[in-house]
Amino acid sequence: MESTLAPLPPLPNLSAQLLAVSIIILQRTIRHNSITTTRPINQNYDFIVVGSGTSGSIVAGRLTENPNVTVLVLEAGGPQLITSDAPSHARQQVGSEIDWGYRTTSQYPNAGNALNGAQVVIPRGRIVGGSHNMNFMVYSRGNRRDFDNWANNYGATGFSYNEVLPYFLRSENNTDANIVNANPAYHSTQGPVVVRTPKNPDPVITMLKQVVESWGYPEADQNGPMQLGINFFQQTIFLNATRSTTASAFLEANNGRPNLQVLTRALVRRVLFNSTRDADGNLTAIGVEYEYNQTVYQVYANREVILSGGSINTPQILILSGIGPRDHLNQLGIQTQVDLPVGYNLKDHVYVQYDFEVLDMNLITSGIDWTLENMYRYFVNSAGPLSQFPLVFMYLNTPYNNETDWPDIQIDFNVDPVGNDLESLVAGYRPEEREGWRNYYRDHVGQRNRMGILCFHYRPHSEGRLTLNSTDPHDAPLLNTRYLTDPYDIASMVEVTRRALQMAHQPPFTRLLRLYQQPIPGCTLCSSGPIWQCDSYLECYARAVTSTVGHQVGTCKMGNGTDSVVDPRMRVRRVNRLRVVDGSIYPTITNGNTNVPCMMFGEYGASMIQQDNGL
Ligand SMILES: Cc1cc2nc3c(=O)[nH]c(=O)nc-3n(C[C@H](O)[C@H](O)[C@H](O)COP(=O)(O)OP(=O)(O)OC[C@H]3O[C@@H](n4cnc5c(N)ncnc54)[C@H](O)[C@@H]3O)c2cc1C
């Protein structure tokens with residue numbers, strides 16, 4: 001077990017460090033802020049894109065490659081921030097000013113039982129770059145079987161793996177020659193989104209990876225022909241160590257285009273339609289209504305409106321526009337324009353984290369502290385603790401899964417520094433159990449050597465539904481995710497946590513890590529036997545601290561049946577000139593993190609829009 005770190009150049013004196021850091025912060029802030037248009041908003045554009053997240057940024061960037069096409073992007077959040085650029089601060093973005101701050105409805109007794117109101121936190125980015133600006137930067141497309149499944153069983157014609165692969169490749173600029181050379185057909189070095197392998201991962205996770213490999217577990221490329229195996233996650237991080245969002249790559253990089261305008265802090269309320277229907281009885285979208293500076297405006301699209309507001313907000317906008325299930329629209333008092341199953345098919349990945357102490361502080365190189373030295377290393381050397389968020393993944397199969405080339409569980413290792421304030425650490429838990437959580441965390445407050453072992457179930461059966469609480473566009477939708485309601489899902493969660501804990505209690509893991517000693521409040525350990533054999537505790541734990549990393553998808557399902565909202569060209573059924581291009585169109589969730597398919601939707605959707613408009 002060994003790990004070597006690349007040496008860094010010597011630090012200059014403090015004033016030189018401060019000056020260099022200040023100049024780079026200023027330059028980057030100016031670059032981010034200049035995305036907000038200073039030009040007046042016209043009455044008409046060829047295309048209006050709602051949302052500048054993962055998919056919307058690509059759609060707008062690709063469409064405006066043609067200088068004759070005008071695009072307005074309306075984004076509810078503000079410009080990108082230096083803080084969310086820093087890879088090590090990925091977790092710190094959850095609950096921050098750039099988070100929409102959603103929560104599920106009560107999931108009691110199936111999930112979130114330890115949390116306030118049994119409501120699981122649903123993080124989503126409200127910022128240029130969208131959720132890509134607060135995600136863990138993992139570049140993982142999913143299993144080829146996911147896409148073949150979409151095409152073969154969900155009516156998503158044109159979305160088999162071989163058909164979508166070119167659109168994955170279009171955005172990718174993979175900078176790891178080993179990865180590219182090992183599977184050249186699966187990677188590209190030509191796209192604008194930089195993909196990297198972590199440069200100086202914490203020695204502890206490198207060592208854990210080596211241990212698992214020494215047990216005969218293969219190294220895998222998560223985007224290659226076979227998922228089963230272990231490796232560092234490839235991540236969307238620029239070579240200067242900042243988060244490589246599609247907004248940086250497709251909007252900021254093209255900010256000088258006269259045919260592209262991005263209006264930030266503009267909240268779209270609804271889609272506007274022609275007052276008459278076409279000969280087939282279909283509606284025609286003509287523009288959108290949005291709020292900016294507390295004033296309501298309307299703007300019109302000559303060609304199309306593209307909704308890229310993400311899996312929570314796109315269905316909200318559709319329902320507010322009268323497109324949704326008739327009974328729900330009636331309940332809200334909204335006139336039904338088109339009766340479609342908007343909001344159904346809400347899918348997500350849940351995980352739980354087990355906390356470990358890393359026994360040797362020297363094995364940690366990640367960190368979240370904005371010290372001058374860390375900032376100099378990050379801003380000037382593109383290195384140091386702030387520059388990285390390395391994760392090791394393992395894909396595995398539970399005994400319940402007999403499709404072994406399509407694994408159903410994942411274990412990740414990642415250093416997760418504990419915050420400095422005990423009260424903030426316990427604030428998310430039920431008030432009556434907070435004292436127990438204080439005891440759980442008390443000895444760990446401020447520790448920089450926590451290791452999270454994250455246990456995911458990646459092919460869940462449970463399915464939820466999004467509805468609206470009211471017709472107020474500012475009101476958060478109701479998210480009844482129904483986590484862990486399917487017996488297979490809870491059995492798989494128990495299984496994945498069993499595997500993780502069993503592994504972590506074997507030498508040489510035990511020489512590197514120690515599980516937090518206390519059981520979590522509300523769950524009781526078995527009186528004998530190792531923790532990983534105590535199914536009642538593992539189940540209680542999974543149902544208590546159920547978490548999600550924002551993989552909600554599917555609420556405007558794509559397909560060719562009456563259960564779909566958009567067709568395989570991403571057009572809203574029975575509506576002309578209105579498309580949805582974002583994570584809400586997943587027919588069902590993939591066995592991978594959900595950002596990269598949203599990038600693929602952006603590329604594929606832009607190309608469909610160009611074709612259908614003769615561009
Ligand atoms: C904490 C977290 C960690 C994650 N980690 C990973 C990971 O490591 N790898 C991975 O592959 N995936 C990850 N994901 C998921 C991934 O980031 C999302 O699947 C993806 O970003 C969704 O893209 P999207 O285009 O559908 O929506 P988004 O990127 O969320 O974009 C939607 C945009 O629309 C804007 N918007 C919404 N409503 C309106 C409105 N009414 N008017 C104007 N604008 C509006 C939003 O502000 C936002 O900018 C993570 C997500 C989160 C939250």
Side-chain angles (χ1 to χ4, degrees), residues 90-96 99-126 131 134-136 310-313 315-316 343-355 409-410 412 416 424-434 437 440 452 454-469 475-486 488-490 492-494 496-497 520-523 538-555 583-584 586 589 593-594:
R91 277 203 180 81
Q92 279 60 38
Q93 302 315 312
V94 174
S96 74
D99 187 349
W100 282 87
Y102 295 134
R103 279 177 167 57
T104 64
T105 55
S106 170
Q107 297 300 302
Y108 182 82
N110 296 300
N113 294 340
L115 310 176
N116 275 332
Q119 292 176 282
V120 179
V121 168
I122 301 278
R124 303 292 306 184
R126 181 180 182 144
S131 302
M134 62 189 306
N135 77 11
F136 292 0
S311 302
I312 311 296
N313 298 79
Q316 179 184 32
Y344 285 93
N345 191 47
L346 172 56
K347 307 287 284 202
D348 197 0
H349 292 135
V350 293
Y351 78 97
V352 289
Q353 171 166 325
Y354 277 84
D355 295 324
I409 52 173
Q410 191 186 95
D412 297 348
D416 179 15
S424 330
L425 288 168
V426 304
Y429 298 109
R430 289 169 46 195
E432 54 273 39
E433 278 176 354
R434 283 208 194 128
W437 284 103
Y440 177 85
L454 287 72
C455 306
F456 286 90
H457 173 34
Y458 255 66
R459 291 181 54 200
H461 291 179
S462 303
E463 179 179 314
R465 184 179 170 195
L466 172 151
T467 52
L468 298 197
N469 188 37
D475 202 357
L478 300 171
L479 305 169
N480 183 8
T481 47
R482 304 187 67 247
Y483 292 142
L484 303 178
T485 49
D486 188 285
Y488 165 59
D489 292 357
I490 184 63
S492 299
M493 281 305 287
V494 168
V496 63
T497 52
I520 58 164
C523 295
L538 304 185
E539 175 168 347
C540 180
Y541 194 103
R543 294 201 189 279
V545 289
T546 327
S547 304
T548 164
V549 278
H551 289 187
Q552 302 79 38
V553 293
T555 45
S584 67
Y586 272 63
I589 199 160
N593 310 57
T594 50

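Given the structure is predicted, the values throughout are model-derived calculations rather than measurements.
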**Asked** Is any side-chain heavy atom of M134 less than 4.5 Å from a side-chain heavy atom of D99?
**Response** yes
Of all heavy-atom pairs linking L468 and P477, the shortest is CD2-CB, 4.1 Å
dist K347:NZ -> T594:OG1 (nearest 0.5 Å) comes out at 14.0 Å
Practice prompt. Can you label the angle between the Y458 ring and the H349 ring as parallel, tilted or perpendicular, going by 30° and 60°?
Written response: parallel
TODO: Quick one: do N110 and R482 satisfy side-chain contact (heavy atoms from CB on, under 4.5 Å)? Show the steps, please.
DONE: CA-CA 8 Å; N110 296 300; R482 304 187 67 247; over 6 Å; no
Checklist line | Polar side-chain atom of Y351 near backbone of D412 as donor-acceptor pair, under 3.5 Å | finding: no
Worksheet entry | Donor-acceptor pair between Y440 and D355 side chains, under 3.5 angstrom | yes
- Hey, what's the ring geometry for H457 with Y488, parallel, tilted or perpendicular (30° and 60° as the breaks)? perpendicular
### Task
Decide side-chain contact (heavy atoms from CB on, under 4.5 Å) for R459 and I409; before the verdict, give the C-alpha distance in whole Å, the side-chain angles of both, and the deciding distance to 0.1 Å.
CA-CA 7 Å; R459 291 181 54 200; I409 52 173; over 6 Å; no
Are Y102 and L479 close enough that some pair of their side-chain heavy atoms sits under 4.5 Å apart? yes
Q. Under the 3.5 angstrom rule, does the side chain of E463 hit a backbone N or O of Y344 as a donor-acceptor pair?
A. no
Main-chain N/O of G125 paired to S131 side chain as donor or acceptor, under 3.5 Å:
yes
| said: Would you say that V549 contacts N135 through its side chain, given a criterion of any heavy-atom pair below 4.5 Å between the two side chains? | reply: no
* **Donor-acceptor contact below 3.5 Å, side chain R434 vs main chain A427** => yes
- State, with a plain yes or no, whether a side-chain heavy atom of T497 is found less than 4.5 Å away from one of Y541. no
For L466 and L346 the tightest heavy-atom approach is N-CD2, 4.3 Å
**Request:** Examine distances only and state if a side-chain atom of S584 and a backbone atom of T555 form a donor-acceptor pair shorter than 3.5 Å.
**Result:** no
* Asked: Are side-chain N/O atoms of T481 and D348 paired as donor and acceptor at under 3.5 Å?
  -> no
Tightest non-hydrogen contact, residues L454 and F456, listed as CB-CE1, 3.8 Å
Exercise. Should the heavy atoms of other residues, nucleotides or ligands under 6.0 Å from CZ of R465 be counted, would the total exceed 12?
Worked result: yes
Smallest heavy-atom separation, P431 atom then N116 atom, equals CD-OD1, 3.4 Å
For S311 and V553 the tightest heavy-atom approach is OG-CA, 3.4 Å
Q. Hey, does D486 have a side-chain heavy atom less than 4.5 Å from the side chain of P460?
A. no
On a heavy-atom basis, the closest approach of Q353 and R91 is OE1-NH2, 3.5 Å
Sorted by chain and residue number, the side chain to side chain donor-acceptor pair (under 3.5 Å) partners of Y354 (sequence neighbours excluded) come out as none
| Are the side chain of T105 and the backbone of L478 linked by a donor-acceptor contact shorter than 3.5 Å? | no
**Q.** Polar side-chain atom of D489 near backbone of S462 as donor-acceptor pair, under 3.5 Å
**A.** yes
**Asked** Just by distance, do the side chain of R543 and the backbone of L484 share a donor-acceptor pair under 3.5 Å?
**Response** yes
Next on the checklist: Let's go through T104 and Y483 carefully: what are the C-alpha distance in whole Å and the side-chain angles of both, what is the deciding distance for side-chain contact (heavy atoms from CB on, under 4.5 Å) to 0.1 Å, and is it a yes or a no?
Outcome noted: CA-CA 10 Å; T104 64; Y483 292 142; 3.9 Å; yes
Side-chain contact test, heavy atoms from C-beta onward, threshold under 4.5 Å: evaluate it for V545 versus Y429 and give yes or no. yes
